[in-house]
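One structure below.
Computed over heavy atoms, backbone and side chain alike; hydrogens, waters and symmetry mates excluded.
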Amino acid sequence: FGYRAGLLASLVLATSPLYIEFARWIQINMLSTMLLTMTLLFFYWGYANERQRGLAYMLMYVPMGLGTLNMGPVNVVMPGIVIALYLLVLKDCRHILKLRLAWGAVIYLLIVAPWHVAVSLRGGYAQDLLITTNLNRFFGSFPHARPFYYYLLTTPPYFLPWVLYLPGVILAYSSRV
């Protein structure tokens with residue numbers, strides 16, 4: 001996409017009311033977003049720079065572990081999906097072998113395991129943290145008080161004025177394809 005697309009995307013994000021509102025609330029989602037972004041940044045740094053690939057990929061697992069402590073396994077699953085799709089689109093799936101997954105697992109566990117061990121020593125809390133909070137929420141149903149289309153109606157105003165350009169962008173893109 002290039003430098004210009006990245007700059008425009010960052011300006012849109014920085015001027016979106018929802019992003020600004022979340023930043024003011026200091027929600028854990030913002031920290032999780034930053035750590036997820038750092039994970040992807042280290043991945044891309046390693047992917048694009050063969051000479052520093054080892055360092056970049058080792059560093060990639062640090063924000064992944066910190067993100068897991070902050071929000072749970074979503075900080076492993078989300079970048080994993082993004083990286084896999086990126087490599088799939090580029091038809092470079094063999095690059096997964098260069099991600100130093102074994103060392104990454106060690107780094108990740110050095111960050112995450114102490115907390116989980118400490119929590120496990122406290123009766124019942126590990127069950128609640130690991131199973132109820134993470135796995136059931138991820139794989140099971142999570143009750144919502146709103147109908148399924150709730151976010152389709154409430155989210156667009158948070159991205160004003162940029163959401164007004166969306167129909168034109170979709171039309172322009174579909175006419176090129």
Side-chain angles (χ1 to χ4, degrees), residues 1 5-48 55-89 96 99-120 122 125-146 148 150-160 162-163:
F1 292 95
L7 179 62
L8 289 173
S10 66
L11 288 173
V12 168
L13 182 62
T15 57
S16 296
L18 181 65
Y19 193 75
I20 295 167
E21 189 175 329
F22 277 2
R24 291 187 54 161
W25 287 348
I26 311 173
Q27 290 200 353
I28 60 171
N29 295 13
M30 294 300 285
L31 178 58
S32 180
T33 300
M34 182 204 57
L35 293 167
L36 194 143
T37 303
M38 286 177 63
T39 300
L40 295 174
L41 177 67
F42 284 131
F43 165 75
Y44 188 73
W45 177 36
Y47 188 81
L55 174 63
Y57 286 164
M58 297 295 238
L59 288 172
M60 176 177 74
Y61 297 101
V62 174
M64 204 179 279
L66 294 173
T68 300
L69 293 176
N70 179 56
M71 267 305 268
V74 70
N75 278 74
V76 176
V77 174
M78 289 297 290
I81 291 170
V82 170
I83 291 168
L85 288 174
Y86 182 78
L87 294 175
L88 188 66
V89 166
I96 290 173
L99 293 179
R100 302 181 185 224
L101 294 173
W103 278 109
V106 170
I107 294 166
Y108 177 81
L109 289 173
L110 283 172
I111 295 168
V112 174
W115 168 251
H116 289 315
V117 168
V119 166
S120 296
R122 193 167 179 207
Y125 189 71
Q127 166 77 17
D128 182 55
L129 174 69
L130 296 173
I131 306 300
T132 307
T133 303
N134 290 320
L135 294 179
N136 286 349
R137 188 176 285 180
F138 186 74
F139 291 110
S141 64
F142 190 71
H144 292 279
R146 309 271 192 234
F148 73 92
Y150 171 77
Y151 292 106
L152 293 174
L153 300 175
T154 59
T155 303
Y158 285 118
F159 291 97
L160 284 171
W162 309 110
V163 74

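Nearest approach of Pro157 to Pro17, heavy atoms of both residues: O-CG, 4.5 Å. Pro79 and Leu36 make their closest contact through CD-CD1, 4.0 Å (heavy atoms, listed as atom of the first residue, atom of the second, distance). Of all non-hydrogen atoms in Val76 and Met64, the two that sit nearest each other are CG2-CG, 3.8 Å. When all heavy atoms of Asn75 and Ser32 are compared, the pair lying nearest together is OD1-OG, 2.7 Å.
With values rounded to the nearest 0.5 angstrom, Tyr86 atom OH is found 11.0 Å from Leu40 atom CG. Distance check, rounded to the nearest 0.5 Å: CD1 of Ile83 to OH of Tyr44 gives 13.0 Å.
At a cut-off of 3.5 Å, with distance as the only test, a side-chain donor of Thr15 or Trp162 sits close to an acceptor on the other residue.
Annotation: side chain to side chain contact (heavy atoms under 4.5 Å, CB included) contacts of Leu59 (sequence neighbours excluded): Phe42, Trp45, Leu55. Among residues two or more places apart in sequence or in another chain, the side chain to side chain contact (heavy atoms under 4.5 Å, CB included) test is passed with Leu152 by Tyr149. By the side chain to side chain contact (heavy atoms under 4.5 Å, CB included) test, Tyr150 pairs with Arg146, Pro147, Thr154, sequence neighbours left out.
By the 30° and 60° cut-offs, the orientation of the rings of Phe43 relative to Tyr57 is parallel.
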Applying side-chain contact (heavy atoms from CB on, under 4.5 Å), run through Tyr61 and Leu99 and close with a yes or a no.
CA-CA 10 Å; Tyr61 297 101; Leu99 293 179; 3.8 Å; yes
